[in-house]
2 protein chains.
Amino acid sequence: MTNKSAAQPRRRASRAGLPPRMAVAVDLVILTLREDTLCALAIERGIAPFRGRWALPGGFVRAGESLEAAALRELEEETGVDAARAGHIEQLATFGDPQRDPRERVVSVAYLAIVPDLPEPRAGGDARDARVLPVATLLSGKVPLAFDHARILDAGVERARAKLEYSSLATHFCAESFTIHALRRVYEAVWGAPLDGPNFHRKVLNTPGFVVETDQMSSGGSGRPARLYRRGGAIQLQPPLLRAEPRAP
Amino acid sequence: MTNKSAAQPRRRASRAGLPPRMAVAVDLVILTLREDTLCALAIERGIAPFRGRWALPGGFVRAGESLEAAALRELEEETGVDAARAGHIEQLATFGDPQRDPRERVVSVAYLAIVPDLPEPRAGGDARDARVLPVATLLSGKVPLAFDHARILDAGVERARAKLEYSSLATHFCAESFTIHALRRVYEAVWGAPLDGPNFHRKVLNTPGFVVETDQMSSGGSGRPARLYRRGGAIQLQPPLLRAEPRAP
DNA sequence: CTCACTTATTGTCAGTACGACAATAATAGG
DNA sequence: CCTATTATTGTCGTACTGACAATAAGTGAG
């Protein structure tokens with residue numbers, strides 16, 4: 001050890017000269033609504049490590065491929081959904097604990113994707129099975145997730161919850177056109193709390209650029225038909241749709 | 001192209017077997033207030049590439065070192081501020097464009113740090129100079145930043161602006177104890193807009209857990225002495241301190 | 001010591017937004 | 001035609017907001 005400082009008079013030499021190389025992966029939190037329940041795509045791993053455990057879809061970033069491109073490629077590989085059909089995709093956070101992958105150092109950049117009407121996935125590649133499962137099930141601990149994927153999923157769900165307040169993210173859970181009621185069910189599913197129908201209705205319509213009216217109405221259901229709306233141009237909601245805390249009497 | 005699928009019967013084989021390794025770095029957006037102006041720490045690079053250009057402080061992640069540990073280590077190396085004295089540090093985003101570093105593929109995880117009373121930095125290591133410069137100057141384009149650091153800095157400033165609304169981040173720009181006026185100057189500097197003093201005062205005191213009263217008063221200035229407060233336990237502000245849009249008459 | 005000046009803090013007030021909930025509208029099914 | 005069901009609009013009291021006036025409590029000049 002005595003030769004260490006002698007060989008490296010500049011204390012940063014080892015860092016600047018020889019940074020360690022690491023594998024870089026992307027993992028995806030793909031959220032969708034199934035029967036008014038917030039669900040995420042999960043993969044049953046067919047190979048070690050964590051063989052047989054559920055995990056988030058993901059894979060390694062290729063040489064010359066941007067992080068976003070890797071995320072979109074994985075999204076399409078695992079779900080068949082291309083970038084156009086994905087409602088929304090954004091970077092979530094990066095997880096780089098030295099021990100998070102038992103094989104070797106892997107730094108994983110997590111992405112959050114929202115897909116309306118996610119098709120039933122098919123297993124393929126390293127996956128033994130692939131399913132859309134309720135987020136509550138995946139986070140309950142009864143089905144332990146591989147790696148640190150429980151933390152990643154939790155971060156994704158929290159991000160979605162927060163962004164519903166001040167962005168138009170909720171519309172990306174819906175199809176091209178939707179009713180205000182459907183939009184409210186998105187909020188209720190993601191937040192896990194009921195909202196007052198009439199007040200929600202008014203707030204959405206009073207938020208400029210959130211939704212735009214179409215001349216079509218919903219059909220088929222029981223009760224009065226509802227007007228259909230499309231996503232408006234707004235990205236940020238002004239004013240935000242804050243989570244209501246019940247008023248004290 | 002015809003031999004591509006023939007050579008790889010399993011389309012994932014190359015990915016699962018041989019992920020490319022990349023250098024992983026952390027870059028820091030270190031924000032502080034100097035004379036009511038939002039400033040960031042910048043380094044004048046002493047080595048190629050971008051020699052002579054200003055850049056954000058940062059460095060490579062070491063083997064066996066977590067991302068957060070690398071960020072804290074760089075923070076201390078560049079400013080002498082240890083984790084305890086840093087008001088706040090959080091992961092910002094990860095930048096991984098294949099071309100962002102001309103030498104080789106480098107994936108950089110950016111961190112946002114808030115430091116009250118940032119000491120005047122000293123140049124060292126690869127840096128020819130180190131200074132605390134106004135964010136407006138750094139983002140004006142007059143002093144082009146190295147790599148994609150302008151984007152990173154912009155992301156950091158935007159994060160800080162957003163978080164002032166719904167978190168107690170602003171208190172981390174202040175020293176241990178501070179006046180409401182000082183807190184307001186933080187908001188005004190970061191948002192770049194003046195706020196109404198009396199209304200701000202009331203809002204801060206009506207937000208539970210934002211600040212806690214001390215029994216001390218400010219001294220020395222002209223005018224009535226102000227009560228000193230400390231950071232409260234709240235992390236999220238409920239209700240949030242929304243950026244006021246001027247009321248239409 | 002008194003007064004002008006400066007800054008901190010509290011008050012006032014009208015307009016607005018919100019949550020709770022009532023009322024009305026529009027369809028389907030019997 | 002009647003009822004059940006859902007959509008949409010109204011009502012109302014409270015709370016909050018922004019604009020700004022008023023008061024409190026120091027400093028420094030003379």
Side-chain angles (χ1 to χ4, degrees), chain A residues 35-36 164-166 174 177-188 191 193-230 237-249, chain B residues 35-36 164-166 174 177-188 191 193-230 237-249:
Chain A
E35 295 159 24
D36 295 343
L164 287 204
E165 289 198 333
Y166 59 88
C174 299
S177 66
F178 49 86
T179 65
I180 302 288
H181 186 117
L183 190 61
R184 176 158 60 88
R185 287 200 308 259
V186 172
Y187 276 87
E188 292 177 330
W191 283 350
L195 297 175
D196 181 87
N199 290 336
F200 181 84
H201 194 101
R202 211 168 351 143
K203 271 177 107 164
V204 168
L205 296 188
N206 282 342
T207 302
F210 193 5
V211 299
V212 296
E213 194 177 296
T214 74
D215 52 3
Q216 291 173 303
M217 309 291 278
S218 70
S219 60
S222 77
R224 173 175 171 180
R227 182 164 297 280
L228 292 174
Y229 294 82
R230 286 182 208 286
L237 300 187
Q238 187 67 269
L241 261 150
L242 299 177
R243 268 174 271 199
E245 35 176 351
R247 177 165 294 176
Chain B
E35 296 159 22
D36 296 344
L164 288 204
E165 289 198 333
Y166 58 88
C174 300
S177 66
F178 49 86
T179 65
I180 302 288
H181 187 121
L183 190 61
R184 176 158 60 88
R185 286 202 307 261
V186 172
Y187 276 87
E188 292 177 330
W191 284 349
L195 297 175
D196 181 88
N199 290 335
F200 181 84
H201 195 101
R202 211 170 352 143
K203 272 177 107 164
V204 167
L205 295 187
N206 283 342
T207 302
F210 194 6
V211 299
V212 296
E213 194 176 295
T214 74
D215 53 4
Q216 292 175 301
M217 308 292 278
S218 70
S219 61
S222 77
R224 173 176 171 180
R227 182 164 296 282
L228 291 175
Y229 295 83
R230 284 183 210 286
L237 301 187
Q238 189 66 282
L241 261 151
L242 299 177
R243 268 175 270 199
E245 36 178 350
R247 177 165 295 173

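Fair warning: this is a prediction, and the values are worked out from it, not measured in the lab. So you know, we letter chains A, B, ... as the sequences are listed, proteins then strands, and number each from 1.
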Next item on the list: Look at the aromatic rings of A:Phe210 and A:Tyr187 and report parallel, tilted or perpendicular, splitting at 30° and 60°.
Entry: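 Perpendicular: the ring planes of A:Phe210 and A:Tyr187 meet at over 60°.
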
Next item on the list: Mind checking the CD1-NZ spacing from A:Ile180 to A:Lys203? Nearest 0.5 Å is all I need.
Entry: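 Atom-to-atom, A:Ile180:CD1 and A:Lys203:NZ are 13.5 Å apart.
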
Next item on the list: Nearest 0.5 Å please: distance from the CZ atom of A:Arg202 over to the OG1 atom of A:Thr207.
Entry: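 The CZ atom of A:Arg202 sits 11.5 Å away from the OG1 atom of A:Thr207.
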
Closest to the [X] side chain: [options]?
X: A:Leu205; options: D:dC20, D:dT9, C:dT9; result: D:dT9
X: A:Arg224; options: C:dT9, D:dA7, D:dA19; result: D:dA7
X: B:Pro198; options: C:dC21, D:dT9, D:dA21; result: D:dA21

Whole angstroms only, please: what is the [atom1]-[atom2] distance between [X] and [N]?
X: B:Leu242; N: C:dA17; atom1: CG; atom2: C1'; value: 12 Å
X: B:Phe200; N: D:dT17; atom1: CZ; atom2: P; value: 13 Å
X: A:Arg202; N: C:dA17; atom1: CZ; atom2: C1'; value: 9 Å
X: A:Asp196; N: C:dA17; atom1: CG; atom2: P; value: 18 Å
X: B:Leu241; N: D:dC16; atom1: CG; atom2: P; value: 13 Å
X: A:Asp36; N: D:dT6; atom1: CG; atom2: C1'; value: 15 Å
X: A:His201; N: C:dA25; atom1: NE2; atom2: C1'; value: 12 Å
X: A:Arg227; N: D:dA7; atom1: CZ; atom2: C1'; value: 11 Å

Next item on the list: Go through the steps for A:Tyr229 and A:Leu183 under the test side chain to side chain contact (heavy atoms under 4.5 Å, CB included), then give the verdict.
Entry: CA-CA 10 Å; A:Tyr229 294 82; A:Leu183 190 61; over 6 Å; no

Notebook entry, point to check: Does any N or O in the side chain of A:Gln238 come within less than 3.5 Å of the main-chain N or O of A:Pro208, such that one atom is a donor and the other an acceptor?
Noted result: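 It does not hold such a pair.
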
Next item on the list: For the pair B:Thr214 (side chain) and B:Leu228 (backbone), establish whether a donor and an acceptor sit closer than 3.5 Å, ignoring hydrogens and angles.
Entry: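 Flag set: sc B:Thr214 to bb B:Leu228 pair under 3.5 Å.
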
Margin query: By nearest heavy atom, map A:Asn206 and A:Pro225 onto DNA chain C; which one lands nearer the 5' end?
Written below: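 Between the two, 5'-proximity favours A:Asn206.
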
Next item on the list: Show your working on side chain to side chain contact (heavy atoms under 4.5 Å, CB included) between B:Trp191 and B:Glu165 and close with a plain yes or no.
Entry: CA-CA 10 Å; B:Trp191 284 349; B:Glu165 289 198 333; 3.4 Å; yes

Note to self: Please list, in numerical order, the residues of residues 212-222 of chain B that have a heavy atom closer than 4.0 Å to any atom of DNA chain D.
What the structure shows: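 Correct list: B:Gly221.
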
Checklist line | Most 5' of B:Gly223 and A:Arg184 on DNA chain D, judged by nearest nucleotide | finding: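 Result: A:Arg184.
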
